[in-house]
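All values below were derived from every heavy atom in this structure, side-chain atoms included, with hydrogens, water molecules and symmetry-related copies excluded. Both ligands and their constituent atoms are indexed starting at 1 by order of listing.
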Amino acid sequence: MALIVQKYGGTSVANLERFRNVAKRVVKTKDQGNNVVVVVSAMAGETDRLLTLAKEATGEPDERELDVLLATGEQVSSALLAIVLNSMGHPVKSFLGHQIKIGTDSTHGKARITSVDADKIFSELREGRIVVVAGFQGEDEQGNITTLGRGGSDTTAVAIAAALKADLCEIYTDVDGVFTTNPNICAQARKIDRISYDEMLEMASLGAKVLQTRSVEFAKKYGVTVHVRSSFYEGEGTIVCEEEVDMEQVLVSGVTYDMNQARIEIARVPDRPGIAAQFFTAINEANILVDMIIQTTSLEEGSANMAFTISKADFPKALKLARSLAKELGAKEVIAEDDVAKVSMVGVGMRSHSGVASKMFGALAQEGINIKMISTSEIKISCIIDTKYTELAVRSLHEAFDLGKGNG
Ligand code: ADP
Ligand code: ASP
Ligand code: MG
C-alpha cells in the first residue's frame, strides 16, 4: 500500500463537474489500495476575485486580514470536495491549514511552512478516511492565519508529502506536465518526461508558474518525487526528481519568462566604498527582494551607475525609496521602468558547454530585441527586455535552440 499526496489546482476544481472528476480520480487511487491525501486550491479565479474585493475596499489592505480573506477560497474547495466524496459513499474529512497544524512564519502573503502535524493526518488515514486539505494556508505561532504566496497549494502538497514521507506527490493541473516553455504561448512547446530538481527550481523561479518555486525547494530538500500531470487527460506527465546521468545530455531544457519585473537605475552616484552597501541595506530593510544588480563605473567621472530589478508589486515602494536614497547619496538621476520582462534559458547541460549565451543574444538580435540587462548562473542565462517583445523572444529562443525537437 502506497501513500500518495495529490494536489488539484484551480482550473481542476473550477466547477461542480470538475469536483466530481477530481473525486473520481481520488477514489480510483484509493481503490487501487493506496492511502490518499488530497490538497486543493481555490476554484479558478476565486483568489483573484477576493484580492480585487480587498483592493477595492482600500488600496492597501491590512496584511493579516487579507490572509484571512484569501484563505477562504481553499476552505470552500476542500469542503466541497469532501462533500462530493462523501456523497459517493467514501469516508473523508476536510481540514484547514491550522487544523493539521501547518505552522508557518508570520510573513503574511508569502509565509514559509515550518512544520506539519503528520500524526493527525496519519490517524485519519488509519481510520480508512481520505484526507482533504485546504492548500495555500497555515498558521503562525500566534495563531494568525497566513497564506503561502500565489501558487502556494503546490507547496502545501509537497510539504505534506515530505512530512508523511509519502511515496509520491502528484500535482494535477491544466497542462500535461512541465513543457520546454509555456505551451499556452508556444505551440511548439514539448512535454519534458523527467527534469531535475535544480532545473525545475530555476524554471519555476524564472517564471514557469506550473510549480511554485518553494514547492520545488521542499521537494529537493526532502527528496520528494513530484509528478506534474493533467487532471483532464490520462497519461504520464513530468517527473521532477534527482539529476540523472542522461539529463546532462540536454544542453537547454527550457525557456521561461517573467513579466512581473521592474527595473530601477540610480545614475551617476559617487564611486566610493560603502555606497552600494548603504543603498541595498536600505532596500533590504524595506523587505524588497532584489533580483539582478548591475553596476558600471565611469573612471573619468568618478561615478557609478547602479541598476537593479525587482518585482512589479514592489515597484512603487522601491522607487520612492530609491529616489530618497539617490538624493542622500548625491546621485544625479533615477531612471525607472516597469514595462520590462525577463526571458531565460535553463539547462544543466550549460555547466559543461559554452556558446549558449552568444546563441541566445544572437537569436534576440535577429528579432531586433534590445537586451537591457543580462545575468548568468551555472545553469541559466537571463535577459531583461521590453515586455512587449516577451512572446516573440520566447518563440524565437525556443526555435533557435530546437527545443520542439528535444535535442536542445
Ligand atoms: P494550477 O491552477 O493547476 O496550479 P497554474 O496556472 O498555477 O495551474 O499552472 C499551470 C500553468 O502554468 C499552465 O496553464 C501554463 O500556462 C503555465 N506554464 C508556464 N510555464 C510552463 C511550462 N514550462 N510548462 C507547463 N506549464 C507552464
Ligand atoms: N489559490 C492560490 C492562488 O491562486 C493558491 C494556489 O492556487 O496554489 O495563487
Ligand atoms: Mg498553480
Side-chain angles (χ1 to χ4, degrees), residues 6-14 18 21-22 39-52 66-67 69-78 97 109-111 113 133-138 146-159 170-193 195 199-216 226 228-233 237-238 240 252-260 342-347 390-391 394-395 397-398 403-404 408:
Q6 299 186 329
K7 177 258 172 179
Y8 292 89
T11 36
S12 305
V13 292
R18 293 201 180 159
N21 170 54
V22 166
V39 174
V40 278
S41 290
M43 294 167 75
E46 179 63 4
T47 309
D48 286 334
R49 187 185 73 85
L50 295 168
L51 257 178
T52 308
L66 186 60
D67 273 358
L69 181 72
L70 294 186
T72 61
E74 271 69 10
Q75 175 162 359
V76 170
S77 297
S78 54
K110 45 182 170 192
I113 295 180
V133 178
F136 180 56
Q137 54 181 270
T146 53
T147 64
L148 312 177
R150 299 310 302 264
S153 299
D154 298 333
T155 303
T156 305
V158 179
E170 295 181 313
I171 304 286
Y172 285 92
T173 184
D174 58 359
V175 285
D176 292 353
V178 180
F179 282 69
T180 46
T181 194
N182 185 350
N184 294 330
I185 71 155
C186 178
Q188 273 69 46
R190 183 181 44 84
K191 193 184 80 193
I192 300 169
D193 292 333
I195 188 167
E199 281 174 307
M200 193 60 236
L201 205 52
E202 290 286 2
M203 285 193 52
S205 67
L206 294 168
K209 70 165 184 161
V210 61
L211 283 178
Q212 197 196 34
T213 309
R214 277 187 193 158
S215 71
V216 191
V226 176
V228 181
R229 60 195 307 188
S230 166
S231 66
F232 305 121
Y233 303 102
T238 302
V240 189
V252 172
S253 296
V255 185
T256 60
Y257 62 94
D258 181 355
M259 298 206 236
N260 183 31
K342 179 166 65 177
V343 287
S344 313
M345 314 276 332
V346 177
T390 310
E391 293 195 10
V394 169
R395 287 192 206 108
L397 292 170
H398 198 270
L403 295 182

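Distances between N or O atoms of Gly149 and those of ligand 2 include no value under 3.5 Å. The shortest N or O to N or O distance between Lys7 and ligand 2 is not below 3.5 Å.
Short contacts between ligand 2 and Arg150, defined as distances under 4.0 Å to a heavy atom of the residue, involve ligand atoms 3 (C), 4 (O), 9 (O). Residue-ligand proximity, Ser41 to ligand 2, at heavy-atom distances under 4.0 Å covers atoms 6 (C), 7 (O), 8 (O).
A donor-acceptor pair shorter than 3.5 Å cannot be found between the side chains of Thr213 and Ser205. No hydrogens or angles considered: nothing links the side chains of Asp67 and Thr146 as a donor-acceptor pair under 3.5 Å.
Contact annotation: Gly73 has no heavy atom less than 4.0 Å from any atom of ligand 2. Ligand 2 has no atom lying under 4.0 Å from any heavy atom of Gly135.
Residue contacts with ligand 2, taken as heavy atom pairs separated by less than 4.0 Å, involve Glu74 solely via side-chain atoms from C-beta onward.
Every residue meeting the salt bridge (Lys or Arg N to Asp or Glu O under 4.0 Å) condition with Glu170, not counting sequence neighbours, appears here in chain and number order: Arg229. Legend: residues meeting side-chain contact (heavy atoms from CB on, under 4.5 Å) with Arg395, ordered by chain and number and at least two apart, are Cys186, Glu391. A search for salt bridge (Lys or Arg N to Asp or Glu O under 4.0 Å) contacts involving Asp193 returns nothing, not counting sequence neighbours.
For ligand 1, the protein residues placed under 4.0 Å by at least one non-hydrogen atom are Lys7, Gly9, Gly10, Tyr172, Thr173, Asp174, Val175, Gly177, Val178, Phe179, Thr181, Asn182, Pro183, Asn184, Met203, Ala208, Lys209, Val210.
Looking only at distances, a side-chain donor or acceptor of Gln137 sits under 3.5 Å from a matching main-chain atom of Gly97. Judged by distance alone, the side chain of Thr156 and the main-chain N or O of Phe136 form a donor-acceptor pair under 3.5 Å. Judged purely by atom type and a 3.5 angstrom limit, Gln212 uses its side chain to pair as donor or acceptor with the backbone of Arg150. Between the Ser215 side chain and the Thr155 main chain, no donor and acceptor come within less than 3.5 Å of each other.
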